[in-house]
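To start, the structure under review is shown below, and the notes come after it.
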Amino acid sequence: MSCYEITGGQALSGSLAIHGAKNSVLPILAACLLVPGQCVLHNCPDLSDVSATLDILRLLGCRADREGDTIAIDASALSRSDIPDHLMREMRSSVIFLGALLARIGTAELSYPGGCELGPRPIDLHLSALRALGAEILEEQGALVCRGGGKRFRGREICLSVPSVGATENAMLAACGCPGLTTIVGAAQEPEIVDLQNFLQAAGAQVTGAGTPTVAIQGGRALHPAEYAVMGDRIAAATYLCGCAAAGGEIEVTGLAPDTLTAVLACLKEAGCNLHTGPNRVALASSAPLRGISPVRTAPYPSFPTDAQAILMAALAGGEGATLFVENIFDSRYRHVDELRRMGADIQIAGRAAMVSGVGRLHGAAVRSTDLRGGAALVVAALGAEGVSQVSELRHIKRGYQALDKNLRSLGADIREVP
Ligand code: EPZ
């Protein structure tokens, strides 16, 4: 089992182009099922979650070819609508295929996506949104058998009690196959939803309002092939910026819109980093130990993103001063804390709250990734720590970070993957 071996204390410097966004390319790949023709997507990251999604598309009868960071998907010959259990287990966010399959061929069958490292991952909002559009969904022994199509499947109002990213995306895709107007009230406003809307518009769909609490879809229109470039990954960018904040130095990340990271940048600035932004770049300089900052409460966009919680915590744990974190989105998103404690972190947890008291500097240790962002957090911590760390269970990290070690080496970090 390979691991990253990291010798901390090397200040970072240089510029890095951020890869395409995992949480944008996955729903856009699902949206390609709506198009009876070839779509071409650029800036697609090379991640295990993307590979798993391509496997599912091929199993459903699509052509899916990658050349560099460009992926061509041809869903003309879509022939199946059942996703086998082993592929659902490989990636729970495959639930996003539900809406697109119902819209395109009127049926979908998949096993209940289980929980994951972050705790239970319910899909009740997905199912109630699709039922609001007239879909019939039977839940039989852990499988979901869904029927759309027909007169009952038409545009309606959907109210989401929680601004779920995935449920908003599923509803948008299903509504494309429903004649008439669908409005999604209480929609998630994440930038990745705007990216999905932009792709759908490029394919001829009438979708508006993404990025606001109300998204409108005029469905039932035939869509046509589209070519589209996926947005940059704001959470990957936050990871490199927090890595520099922890290790010291000065870096620039390019290929993302700074306004998709406003809440994270505000925290880094309050912690003592110098930040400069341009149309598609963020530069960060960090020379002194990070200070404690005002409470960090995770919440739906545009508030502080839950995906950056562990990453910022790792940077602050090696600083000075105390910071209170409150994780409001997921039930089990502090699993990285025990591993940070092995590096000397002083973190007290009480329910959803975690009080981080900076210890001046962490020390290297052998630690295990617990989940995608928790694993990235351990790398961030190791970059600023005294001595050598080994970060194992890299499969979690490789789900969402393309060439993390190579990219960090290009910025001057002492990191390599060892068997
Ligand atoms: C997306 O997950 C992201 N994943 C997550 O990123 C991200 O953390 C999350 O949105 C929040 O921003 C992808 O886009 C592939 P939600 P999603 O539905 O859609 C509850 C990463 O690290 N909920 O917005 O699954 C749910 O339990 C990953 O890149 C219901 O109760 O998140 C959670 O508490 C991790 N019922 C809250 O809503 C539902 O039917 C927000 O979840 C659906 C969700």
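In each ligand, atom 1 is the first atom listed, and ligand 1 is the first ligand listed.
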Please confirm whether Leu118 comes under 4.0 Å of ligand 1, counting heavy atoms of the residue only.
-> yes
What are the two closest non-hydrogen atoms of Cys39 and Pro225, and how far apart are they?
-> SG-CA, 4.1 Å
Tell me which one of Asp307, Asp124, Leu372, Thr168 gets a heavy atom nearest to atom 36 (N) of ligand 1.
-> Asp124
Can you figure out which of Val165, Asp49, Val95 has its heavy atom closest to atom 12 (O) of ligand 1?
-> Val165
Heavy-atom nearest neighbour in the protein, as seen from atom 29 (O) of ligand 1, with distance rounded to 0.1 Å | Arg373 NH2, 2.8 Å
What is the closest protein heavy atom to atom 2 (O) of ligand 1, and at what distance does it sit?
-> Arg121 NH2, 3.5 Å
Indicate whether any N or O donor in one side chain lies under 3.5 Å from an N or O acceptor in the other, for Thr306 and Glu327.
-> yes
Please could you name the atoms of ligand 1 that Lys22 approaches to less than 4.0 Å, counting only its heavy atoms?
-> 21 (C), 29 (O)
Residue, atom and distance of the protein heavy atom nearest atom 19 (O) of ligand 1 read Gly166 N, 2.8 Å
Specify the closest pair of heavy atoms between Leu60 and Asp82, including all atoms of both residues, with the distance to one decimal.
-> CD2-O, 3.8 Å
Just let me know how His126 lines up against ligand 1, side chain, backbone, both or neither, with a heavy-atom cut-off below 4.0 Å.
-> both
Validation row: His336, Arg373 side chains within 4.5 angstrom (heavy atoms) = no
Run down the list Thr53, Asn23, Asn328 and name the one with the heavy atom closest to atom 14 (O) of ligand 1.
-> Asn23
Measure Arg333 to ligand 1 on non-hydrogen atoms and call it side chain, backbone, both or neither using the 4.0 Å cut-off.
-> side chain
Considering heavy atoms of the protein only, find what lies nearest to atom 34 (O) of ligand 1 and give residue, atom and distance to 0.1 Å.
-> Ile329 O, 2.5 Å
Atoms of ligand 1 close to Ile123 [distance to a heavy atom under 4.0 angstrom, numbered from 1] | 39 (C), 40 (O)
Using a 4.0 Å heavy-atom threshold (strictly under), name the region of Ile96 that reaches ligand 1: side chain, backbone, both or neither.
-> neither
Identity and separation of the nearest protein heavy atom to atom 18 (O) of ligand 1 = Ser164 OG, 2.7 Å
The one among Ala167, Ala308, Pro122, Ala310 that brings a heavy atom closest to atom 30 (C) of ligand 1 | Pro122
So which heavy atom in the protein is nearest atom 11 (C) of ligand 1, and how far is it from that ligand atom?
-> Thr306 CG2, 4.0 Å
Leu125, portion touching ligand 1 at heavy-atom distance under 4.0 Å = both
min-distance protein heavy atom vs atom 26 (C) of ligand 1 -> Phe330 CE2, 4.3 Å
Taking side chain as C-beta onward, heavy atoms only, is Ile397 less than 4.5 Å from Leu394?
-> yes
Atoms of ligand 1, numbered as shown, that sit under 4.0 Å from any heavy atom of Val162 = 38 (O)
Kindly check if the number of other-residue, nucleotide or ligand heavy atoms within 6.0 Å of CZ (Arg281) is above 12?
-> yes
